Amino acid sequence: MQQLSTCTSCQQPLKEIKLEGHYGQGVTADVCGNCHLVWFDAFESVRLSGLGWVGLLREMIATPRAAQSVPTKMQCVRCKGSLKAVRNLTRFGRTAALECERGHGHFQGFALLLAERGLVRTINSHDLAALKEENTAPSCLNCGAPVEDVPTSLSGQTPVCKHCDTPLMLFDLPRLTQALLVRHGDVLTVEEPRQQLAIACRGCGQPLDATQDTSCENCGHVVAMPRLESVKPLLDKIEPILRNTRARQARPWGEKLKNMKGDASATQLHRWLGHTKDIFSSGNHRYSEAHSAVNYIGAIALMLFLYWLFG
Ligand SMILES: [Zn+2]
Ligand SMILES: [Zn+2]
Ligand SMILES: [Zn+2]
Ligand SMILES: [Zn+2]
C-alpha cells in the first residue's frame, strides 16, 4: 500500500480510485476534485475498459466544482520532480498533459483527458444555438465555470474558458456511447438502442439513439452536452449492460496445439515449409543437399516468425 498522495497544486489529498481495465485488470487513478485533475501512472489510462470509464466519469460527476483556477506548482505525485507539458496530437485535435520527466505518469485535466480519448468535441455555432433554445448558459466542461460573453456564432475559433484556459468542449454522444460499450475486449452491440439507451431530446423529448444521433430526427435539435452531469442518464443505462456481459469462455492454453498433435501439416508455417521443400526437391538430383538447405531456410524462417511473435 503506497502512501496517500496529495495534489501538488492545492495540497488536498488525492482520491485513489480503482477502475476496471481491459480483461478485468485493475487500473488506479488519483483524482483531485478540487482542481479537476486526474493522475495516471505511466500508460494506465489507455488500459481503461468501458466499465472503467463509467467509474471514472461517475467520479468526475461526483467531485465538487473546481477551484476555478489554473493549477500551479504541479509536481510528480511519485517523485515530486518537475513535470513537463506535453501536447499529444490525437485524431481529435491537440490535448495537453503534464508528464513526469522520469516517466512515473501524468496529470491531466478532466476535459483534456476525455478529449484525448475522443469522447468530447469542441463547441460550435450549432451547439450555441441549441443551448440558447434550452435556455442553458454554456459552461466549461473542464472546471464547470459558467461562460460569460459567449459570441452568438463562432467563426472557426474555439472559445477558451477564462478560468482554466481549456477550450470549450461538449460530450460527443455517439463517440462516448461507442467507447463505453466495450467489455472484455469485445465491442457490444445493443439491439434496440433507441429503447435500451434512450436519451431524451432536449428539444421535443423524443428518445434519441445514443449510439449514433448527433441531432434529433424529429425536431432537428442538436445534442449539446456541456456538463459532466449531462452523461449520468447514459451511464445509468450502459452500466447494467456492461455488468451483465460475461467474458467469453477463455480457451485453455495449448488446447489448439493438443488437437493437432502428431499432425505436422496442421499449421500454415508447416504447410509453407512443405511447399518450399517440394519446389526445391522436384527434379533436383542433388536432393539431399537441397533438402538440408531448405531445412536451413526453414529454421531461419521459424526463428524470424518466433521473434515476430514474442519479440
Ligand atoms: Zn488539487
Ligand atoms: Zn516522477
Ligand atoms: Zn474552465
Ligand atoms: Zn427533438
Side-chain angles (χ1 to χ4, degrees), residues 2-17 28-45 56 59-60 62-86 96-113 126-127 129-136 140 142-145 161 163-166 170-171 173-174 193-195 197-225 228 230 233-234:
Q2 70 200 30
Q3 67 185 89
L4 200 66
S5 316
T6 51
C7 172
T8 56
S9 179
C10 69
Q11 308 304 321
Q12 297 292 309
L14 289 170
K15 185 175 175 186
E16 188 187 278
I17 52 169
T28 305
D30 296 278
V31 178
C32 177
N34 213 27
C35 305
H36 276 201
L37 287 168
V38 189
W39 171 272
F40 277 108
D41 287 340
F43 306 119
E44 287 281 86
S45 64
L56 183 58
E59 187 61 38
M60 288 178 176
T63 51
R65 194 158 120 193
Q68 289 189 16
S69 61
V70 184
T72 52
K73 296 180 293 174
M74 301 300 293
Q75 294 166 326
C76 171
V77 167
R78 307 280 171 246
C79 71
K80 300 283 181 258
S82 61
L83 300 176
K84 66 169 194 286
V86 286
L98 289 166
E99 225 171 56
C100 167
E101 290 179 338
R102 294 179 197 155
H104 290 130
H106 61 273
F107 261 126
Q108 219 165 11
F110 283 5
L112 290 175
L113 174 64
H126 301 293
D127 301 319
L131 291 171
K132 201 173 174 202
E133 273 174 43
E134 293 172 24
N135 268 324
T136 309
C140 172
N142 193 54
C143 72
C161 171
H163 296 282
C164 70
D165 209 26
T166 305
L170 307 93
F171 280 101
L173 183 62
R194 216 174 286 272
Q195 278 120 53
L197 299 175
I199 299 296
C201 165
R202 283 176 180 266
C204 69
Q206 289 274 324
L208 300 171
D209 176 354
T211 62
Q212 60 173 41
D213 287 350
T214 52
S215 63
C216 174
E217 272 179 4
N218 187 45
C219 73
H221 191 81
V222 169
V223 180
M225 304 165 94
L228 288 167
S230 49
L234 181 69

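Order of appearance sets the numbers: ligands from 1, and atoms from 1 within every ligand. This structure is a prediction, so every number in the text was calculated from the model and none was measured.
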Any side-chain to backbone donor/acceptor pair from [X] onto [Y]? Under 3.5 Å, distance only.
X: T211; Y: D209; value: no
X: T8; Y: Q75; value: yes
X: H163; Y: A145; value: no

Find out whether F107 and L83 are in side-chain contact, i.e. whether some heavy atom of one side chain is under 4.5 Å from a heavy atom of the other. yes
### Task
Measure the shortest side-chain to side-chain distance between T28 and I17 over non-hydrogen atoms and say whether it is less than 4.5 angstrom.
no
Discussion item. Do the side chains of R202 and E133 get close enough for a salt bridge, i.e. N-O under 4.0 angstrom?
Written reply: no
Exercise. Please determine if R78 and D30 form a salt bridge, counting it only when a charged side-chain N lies under 4.0 Å from a carboxylate O.
Key: yes
Report task. Return yes if a side-chain donor-acceptor contact under 3.5 Å exists between E99 and H104, otherwise no. Result -> no
Checked the Zn ion (ligand 4): protein N, O or S atoms closer than 2.8 Å come out as C201 SG, C204 SG, C216 SG, C219 SG
So the protein N/O/S atoms within less than 2.8 Å of the Zn ion (ligand 1) come down to C7 SG, C10 SG, C32 SG, C35 SG
Those residues at least two apart in sequence (or on a different chain) that pass ring pair (Phe, Tyr, Trp, His ring centres under 6.0 Å) with F40 are none
A correct count of protein N/O/S atoms found below 2.8 Å of the Zn ion (ligand 2) gives 4
Value for SG (C204) from CG (N218), rounded to nearest 0.5 Å, stands at 4.0 Å
